Engineer: 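After the structure tokens below, expect a handful of questions from me.
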Amino acid sequence: MSTNIYVQEYLPLFIIIIVAWLVPMTLSWLEISKLPTVIVEIVMGVIIGPFVFELVTGEEVSLNFLSDIGFLLLIFLSGLALDIQKIISSFPRGRLKAIDIVSNTFLVAFLIYFGSLILSILVVYGLPIFDGIDKMFLVILLPSVALSIIVPIIKSDGEIDRKYGQIMLLEGAIATIMTIVMIAIYSGYYRNNGFKFELLLFLIIFILFFIAYKVGTVLVRVRLFQKLLYKLEHAAYQIRIRGAMAVLLLFVVVASSINSEPALGAFFAGTLLSIFFIKDRSALLFKLDGMSYGFFIPIFFIMVGVKLDMNSLRDFGSSSGFIFTLLLALYFIQLVPSVFMVKLFGWRRSISSGILLSSRMGLAIATAQIGLGLGLISPAVNAGIVVVAIISSIISPLLYKHLGGASNSYYSIYIVGGGKAGLELAKRLDLHRTPYLVVESQNDQWSELQSLGIESIHVNDLKPEVYRSLNIRPVDTVVLLTQSDTKNLKIANILKNELGHSKVITVTTKPDLFGKDASLSEMLVVDAYEIVASRIESEIMRPMITHALADSFGVYSVEEIAVRNKEVDRKLVKDIPFPQSGSIIVIRRSGEIFIPHGNTHILVGDLVTVIGNGTALEEFRKLLD
């Protein structure tokens with residue numbers, strides 16, 4: 001291969017990688033949190049593409065291949081992010097009640113999609129502006145959802161593992177699957193002038209899923225297979241990653257061979273693996289995220305911008321009525337069904353979810369291309385759909401960020417004083433992934449916190465209005481770690497007398513100083529001398545354990561978790577899929593403490609002490625709390 005060909009292939013890739021590196025760096029530096037990274041990446045793709053600077057043409061074979069891989073990985077990770085076991089266990093048992101319909105993740109997601117589909121029928125067949133267009137095609141197209149836009153946004157907001165994000169993810173998944181299936185059946189019916197057996201070939205994906213699931217359930221019980229997985233999952237082998245890629249490509253190849261959308265196969269592959277990697281899924285996702293979001297997925301979004309047909313915008317004036325009506329229809333059919341989420345999340349967050357789900361980039365454009373190729377829609381209608389998809393995918397994430405941003409900002413722990421003790425506590429809370437905020441009055445200490453990337457504010461910590469502005473909730477904990485007992489006492493009084501907040505912890509060498517104030521009786525005062533004595537006692541009596549825990553800080557930690565999950569109530573320890581990288585140490589029940597074994601029952605109300613790394617602790621919390 002000549003040097004010139006190398007330059008033609010690698011220079012555009014280098015430009016795209018530089019853009020992918022600069023976009024999040026710039027947004028973080030400018031502290032622009034309301035603008036989704038994916039939108040900026042698409043816009044930057046337009047700028048470096050053929051319609052502006054022509055640095056990337058969009059015809060590069062290698063870039064298009066990497067972009068396709070990025071899209072498939074994005075859909076694959078969407079399926080992998082679904083907590084299938086949690087969704088299945090949430091299904092109501094026995095008679096279905098009204099409360100089940102509005103609180104179950106799957107049912108809410110299904111109702112949102114079904115509602116949007118019904119409204120699509122009413123809108124398309126009810127508005128005269130859609131006369132002359134194949135209405136069944138529009139009914140199929142309108143409820144489609146841009147998972148490629150939604151997933152990175154809810155992931156960056158930390159919502160993808162929570163009920164709010166799971167509902168949006170599941171609704172997007174249902175909409176994607178139904179759109180692909182319906183357009184495959186309808187386009188085949190139209191192409192063949194009637195029903196033929198080939199229209200049902202998409203069912204092969206479902207059959208493959210069932211077979212792969214059965215094979216998987218057998219393999220996970222084979223000790224040799226488990227041993228090999230454990231032995232080869234690290235270092236140069238990364239056997240789980242290789243296996244995940246093999247499963248992904250198996251489903252993609254099968255989907256492509258039956259003329260179905262590869263994205264359908266990618267999603268089912270991710271969903272299949274999510275069933276089998278419950279214990280280790282966080283570790284698997286961590287590695288896949290690094291590979292996908294670090295390289296392939298940014299290439300996909302930038303290439304979306306590079307290949308956007310900007311000529312479609314030139315017809316905006318002549319078809320503005322159709323575009324405006326179609327855009328309003330999109331938001332109408334998505335916002336109205338979002339009322340099913342109101343009971344769970346309130347009006348503001350429900351509307352925010354409906355707005356984000358109105359993004360139509362990707363699948364809607366691909367569906368429009370199919371319709372154009374079959375003659376179901378005209379080039380003008382296709383251009384209008386493309387314009388609406390672009391506009392909705394830019395406006396929706398911005399509105400979602402604007403409406404939902406305030407509700408996402410909360411902290412469970414407030415650390416007053418960012419000295420050595422405050423800094424050490426912040427690091428440990430990071431390990432537990434607990435949201436916290438450090439309140440610091442000293443300029444030099446605040447500068448150190450900022451340099452380390454620790455979330456903090458620089459304020460006068462003796463002013464009551466500072467704590468009022470933080471909107472501290474009754475369930476939040478305030479930890480007083482300033483270097484002055486007198487100052488800690490003053491702040492404790494401010495919190496109690498001005499805000500009525502009593503969930504306060506402090507460390508002192510003078511516990512009697514706090515004991516004199518009867519109004520602070522609910523405050524937890526930790527004697528510093530007791531901490532020192534306890535540590536020295538551990539060094540003498542349990543030196544190996546103490547050193548192991550101290551040396552492994554940042555890897556392993558100990559945590560107490562209250563058992564609230566009724567799904568594990570009265571189950572044996574050996575029957576609960578606890579993470580392999582962690583362990584239960586002791587259980588406290590009704591004032592008694594005992595060491596558990598395999599035949600120990602877990603009861604709701606138990607206080608369980610566990611040890612493990614960050615991933616293991618997160619899995620323990622999901623299972624028990």
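In what follows, every heavy atom counts, from backbone to side chain, and hydrogens, waters and symmetry copies are set aside. These figures come from a predicted structure and were not determined experimentally.
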Engineer: Output the distance between atom CG (Leu73) and atom CG (Asp68), rounded to the nearest 0.5 Å.
Structural biologist: 11.0 Å
Engineer: Thr57 and Glu54: side chain to side chain donor-acceptor pair (under 3.5 Å), yes or no, with the steps?
Structural biologist: CA-CA 6 Å; Thr57 64; Glu54 298 185 41; over 6 Å; no
Engineer: What's the spacing between Ile48 CD1 and Leu55 CG if we round to 0.5 Å?
Structural biologist: 6.5 Å
Engineer: Just verifying a value: how many Å separate Ile205 CD1 and Leu264 CG, rounded to the nearest 0.5 Å?
Structural biologist: 5.5 Å
Engineer: Go through the steps for Thr37 and Leu27 under the test side chain to side chain contact (heavy atoms under 4.5 Å, CB included), then give the verdict.
Structural biologist: CA-CA 8 Å; Thr37 303; Leu27 291 178; 3.8 Å; yes
Engineer: Go through the steps for Leu119 and Phe332 under the test side chain to side chain contact (heavy atoms under 4.5 Å, CB included), then give the verdict.
Structural biologist: CA-CA 8 Å; Leu119 290 174; Phe332 172 73; 4.0 Å; yes
Engineer: Can you name the nearest heavy-atom pair linking Ala175 to Val145, along with the distance?
Structural biologist: CB-CG2, 3.7 Å
Engineer: Minimum heavy-atom separation for Glu171 and Ala109, please, with both atom names.
Structural biologist: CG-O, 3.4 Å
Engineer: Considering non-hydrogen atoms only, spot the tightest contact between Phe322 and Gly384 and give its length.
Structural biologist: CE2-CA, 4.2 Å
Engineer: Write down the atom of Tyr113, the atom of Pro143, and the distance for their closest heavy-atom approach.
Structural biologist: CE1-CB, 3.8 Å
Engineer: Got a sec, which residues hit side-chain hydrogen bond (donor to acceptor under 3.5 Å, both in side chains) with Tyr331, two or more places apart in sequence or on another chain?
Structural biologist: Ser396
Engineer: Which atoms form the tightest heavy-atom contact between Pro298 and Ser292, and what is the distance?
Structural biologist: CD-O, 3.6 Å
Engineer: For a side chain to side chain contact (heavy atoms under 4.5 Å, CB included) check, start with the C-alpha distance between Ser353 and Met168, then their side-chain angles and the critical distance, and finish with the verdict.
Structural biologist: CA-CA 7 Å; Ser353 69; Met168 284 195 287; 3.5 Å; yes
Engineer: Who are the ring pair (Phe, Tyr, Trp, His ring centres under 6.0 Å) partners of Phe268, not counting sequence neighbours?
Structural biologist: Phe206, Phe209
Engineer: Could you tell me which non-hydrogen atom of Ile302 sits nearest to which non-hydrogen atom of Ile16, and how far apart they are?
Structural biologist: CD1-O, 3.5 Å
Engineer: Scan residues 11-29 for pairs that pass side chain to side chain donor-acceptor pair (under 3.5 Å), counting only residues two or more places apart or in two chains.
Structural biologist: none
Engineer: Scan Phe300, Phe301, Phe296 and name whichever one has a ring-ring contact (aromatic ring centres under 6.0 Å, His included) with Phe71.
Structural biologist: Phe300
Engineer: Can you list everything that forms a side-chain hydrogen bond (donor to acceptor under 3.5 Å, both in side chains) with Thr325? Sequence neighbours excluded, please.
Structural biologist: none
Engineer: Test of understanding: with side-chain hydrogen bond (donor to acceptor under 3.5 Å, both in side chains), list the residues that count as partners of Glu59, not counting sequence neighbours.
Structural biologist: none
Engineer: Let me confirm one number: the OG-CG distance from Ser352 to Leu335, rounded to the nearest 0.5 Å.
Structural biologist: 9.5 Å
Engineer: Once rounded to the nearest 0.5 Å, what's the spacing between atom OG of Ser67 and atom CG of Leu72?
Structural biologist: 9.5 Å
Engineer: Checking Val306 against Val46 for the side chain to side chain contact (heavy atoms under 4.5 Å, CB included) test, could you report, in this order, the C-alpha distance in whole Å, the side-chain angles of both residues, the deciding distance, and whether it holds?
Structural biologist: CA-CA 5 Å; Val306 169; Val46 174; over 6 Å; no
Engineer: State the CG-OG1 distance between Leu80 and Thr271, to the nearest 0.5 angstrom.
Structural biologist: 8.5 Å
Engineer: side-chain hydrogen bond (donor to acceptor under 3.5 Å, both in side chains) with Gln334: which residues, sequence neighbours excluded?
Structural biologist: Arg360
